[in-house]
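Report on one structure; see the data block that follows.
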2 protein chains.
Amino acid sequence: MLTIGQLAAYAGVTVRAVRHYHQIGLLPEPERDASGYRRYRAAAVVSLIKIRTLADAGVPLSRIAQMLDAEAAAFAEAVQRIDSHLRDEIERLETSRRQIAQLAAGDALALPPEVIAYLDRLRELGVSERMVEGERDGWILLAARWPDRVREFIPGKFAQLDDPHVVRLYRVLSEIFDDDDAGDDPRLEEAADLMAGLAEQAYACGENSLGEEAYDDLPHDLLDTLAVEADPRVERLVALLRERGWGGWNRMERLAERPG
Amino acid sequence: MLTIGQLAAYAGVTVRAVRHYHQIGLLPEPERDASGYRRYRAAAVVSLIKIRTLADAGVPLSRIAQMLDAEAAAFAEAVQRIDSHLRDEIERLETSRRQIAQLAAGDALALPPEVIAYLDRLRELGVSERMVEGERDGWILLAARWPDRVREFIPGKFAQLDDPHVVRLYRVLSEIFDDDDAGDDPRLEEAADLMAGLAEQAYACGENSLGEEAYDDLPHDLLDTLAVEADPRVERLVALLRERGWGGWNRMERLAERPG
DNA sequence: TGGAGGGTTGACGCAGCGTCAGGGTCAAGC
DNA sequence: GCTTGACCCTGACGCTGCGTCAACCCTCCA
């Protein structure tokens with residue numbers, strides 16, 4: 001007759017595990033000796049080893065009992081189910097690995113490589129780190145809403161960077177936002193002029209600023225408020241644009257009438 | 001300003017998950033409106049998406065906060081750690097899959113294929129299912145103690161089966177144990193004679209019944225008590241063997257003197 | 001005779017939420 | 001003005017498979 005410690009040692013498990021199996025009814029409680037100690041027969045060792053074998057193979061404890069007294073056919077079927085479950089788990093983890101492999105750089109968080117390349121291009125053009133981060137957050141929002149479409153937007157954005165006005169705009173904005181103190185910066189006027197001109201140009205070509213159809217409005221609203229949250233001077237810029245006949249920020253649209 | 005439901009929907013998570021992130025301090029609690037509802041800014045959406053991206057990649061929540069404000073180098077190092085952890089997990093699961101693949105048949109539980117083959121051979125020779133199961137449980141005990149050695153035992157056991165006395169013994173034992181009623185079976189005498197003869201023969205060749213060295217005694221004791229537990233008539237057989245000058249059951253040894 | 005090294009029950013802790021329970025709130029339709 | 005359904009709130013337990021105290025009892029050996 002074995003004590004719980006001897007039993008556990010023989011089967012290569014912890015005492016706590018054995019007690020756990022008793023608690024959930026997986027291994028029957030043995031008789032007790034005079035002092036209340038559990039005393040095990042040899043058959044218990046065999047049972048415990050079978051349990052551990054299944055548990056080590058990834059069978060959830062809740063199903064081991066059924067499997068142990070299943071007929072060969074039912075057993076095989078159960079094995080099948082467990083196996084396909086394991087396969088799914090492995091698949092999930094491998095997807096995770098692939099995903100974190102993409103996280104090599106900080107920017108890559110939740111963004112496809114095309115967008116990363118675009119952000120790096122902005123840096124090359126002298127756009128401030130602060131603005132690039134703002135852009136990045138915007139793209140994160142877009143990527144969350146349209147994971148597939150977002151890559152289609154990128155070529156158009158790259159093309160825009162060929163226009164010196166666009167580059168100039170980014171630089172002016174960089175300067176404005178990098179100055180923490182300036183509440184009423186005269187450069188805001190220049191930025192507004194640039195943006196209005198670009199909007200006019202895009203409108204003439206029959207596109208809007210992002211080059212995509214309407215989809216839904218939520219992401220654009222979010223992008224706008226995100227910008228305002230990032231720097232309240234954006235609100236001032238939006239007002240200046242409105243004076244120039246353009247509404248919105250990320251996706252601008254011509255206003256019906258110039259306000260009074 | 002978004003409600004928690006809108007926030008969650010945009011980021012593709014459940015409301016409960018968002019509240020959980022608040023609870024553990026991963027996502028800061030936003031302001032509340034007049035009726036106590038949480039109201040989120042656009043920046044919260046970006047934060048939440050970043051969190052989900054890392055969590056989906058298998059980063060434990062407890063480490064996401066550190067990673068989000070880590071520098072590029074520290075971030076990369078953390079990614080490395082996560083990745084190797086994932087690799088280990090995958091390895092573990094694949095081991096599990098290999099193991100359960102071995103569990104195709106009921107016998108295979110915790111036993112190497114050589115032992116399975118031996119058990120099948122017993123069945124072919126007309127050994128009863130009941131006895132085979134007893135043998136199997138014994139091998140499970142041996143395999144747990146000596147996972148590597150147990151395969152070495154098998155060739156010797158196969159060889160023994162070439163001896164017609166051994167086959168005869170197994171069949172007699174099968175018959176005895178399959179009769180539920182017989183308490184004092186005359187065939188027990190025949191079995192004891194056969195066993196004593198085989199022991200004598202083995203002793204003459206300088207081997208003991210299992211063909212292995214002493215190792216430790218626990219498994220053998222367990223095997224003996226296992227047999228007695230399986231059928232109390234084993235005890236009677238052990239007594240008969242003792243009369244014939246042999247002690248033990250699975251591993252028999254010559255007694256110094258025939259008992260008075 | 002005392003101390004080490006077993007054993008006993010009971011309880012909390014872990015990760016990441018799911019899922020009630022038992023409320024209050026909001027927008028819309030009657 | 002009232003109902004209805006869809007949200008929101010907090011609080012709490014449940015899941016998996018044990019690890020790890022705590023507080024106590026039993027046994028064996030020097």
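Throughout, a chain's letter reflects where its sequence line sits, starting with A, and its residues are numbered from 1.
Following rounding to the nearest Å, His22(A) (NE2) and dT9(C) (P) show an atom-to-atom distance of 9 Å. Atom NE2 of His20(A) and atom C1' of dG13(C) are 14 Å apart (whole Å). Distance, Glu31(B) CD to dC9(D) P: 14 Å, rounded to whole Å. Here dC8(D) presents its P atom at 7 Å from CD of Gln6(B), a figure rounded to the nearest Å. Distance His85(A) NE2 to dT16(D) C1': 12 Å, rounded to the nearest Å. The distance from atom CZ of Arg63(A) to atom C1' of dG17(D) is 16 Å, rounded to the nearest whole Å. A straight line from CZ of Arg16(A) to P of dG10(C) spans 12 Å, rounded to a whole angstrom. Remark: P of dC28(D) and CG of Asp33(A) are 10 Å apart, rounded to the nearest angstrom.
Heavy atoms of Arg32(B) sit under 4.0 angstrom from primed sugar atoms or phosphate atoms, though from no base atom. Residue Arg19(A) is in base contact, counting any heavy-atom pair closer than 4.0 Å across all strands shown. Backbone-only contact: Arg52(B) has heavy atoms under 4.0 Å from sugar-phosphate atoms and none from a base. Residue Ile4(A) is in sugar-phosphate contact alone, with no base atom involved, counting any heavy-atom pair closer than 4.0 Å across all strands shown.
Of the side-chain N and O atoms in Tyr21(A), none sit less than 4.0 angstrom from OP1 or OP2 of dG17(D). The phosphate of dC26(C) has OP1 or OP2 within less than 4.0 Å of a side-chain N or O from Ser35(B). The phosphate of dT9(C) has OP1 or OP2 within less than 4.0 Å of a side-chain N or O from Arg38(A). Regarding contacts with the backbone of dT27(D), every side-chain N or O of Tyr37(A) stays at 4.0 angstrom or more from both OP1 and OP2. Of the side-chain N and O atoms in Arg39(A), none sit less than 4.0 angstrom from OP1 or OP2 of dT8(C). Applying the 4.0 Å criterion to OP1 and OP2 of dG7(C), one finds that Thr3(A) has a side-chain N or O inside that range. Between Thr14(B) and dC17(C) there is no side-chain N or O to OP1 or OP2 distance below 4.0 Å.
Between Tyr118(B) and Trp139(B), the ring planes are perpendicular. Angles over 60° get that label, and only those under 30° would be called parallel.
Atom CD of Glu29(B) is surrounded by more than 12 heavy atoms from other residues, nucleotides or ligands within 6.0 Å.
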Legend entry - Check against side chain to side chain contact (heavy atoms under 4.5 Å, CB included), Tyr10(B) and Leu222(A): CA-CA 10 Å; Tyr10(B) 198 102; Leu222(A) 273 180; 3.4 Å; yes
Legend entry - Worked verdict on Asp33(B) versus Met1(B) for side chain to side chain contact (heavy atoms under 4.5 Å, CB included): CA-CA 10 Å; Asp33(B) 67 11; Met1(B) 299 292 265; over 6 Å; no
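A search for side-chain contact (heavy atoms from CB on, under 4.5 Å) contacts involving Glu89(B) returns Leu93(A), His85(B), Arg92(B), not counting sequence neighbours.
Projected onto DNA chain D by closest heavy-atom contact, Val15(B) and Leu61(A) fall at different nucleotides, the more 5' of which corresponds to Val15(B). When each of Ile24(B) and Tyr40(A) is assigned the nucleotide of DNA chain C with its nearest heavy atom, Tyr40(A) is the one assigned upstream, toward the 5' end.
For the pairing with Leu27(B), the side-chain contact (heavy atoms from CB on, under 4.5 Å) check across Arg19(B), Lys50(B), His22(B), His20(B) returns one residue only, His22(B).
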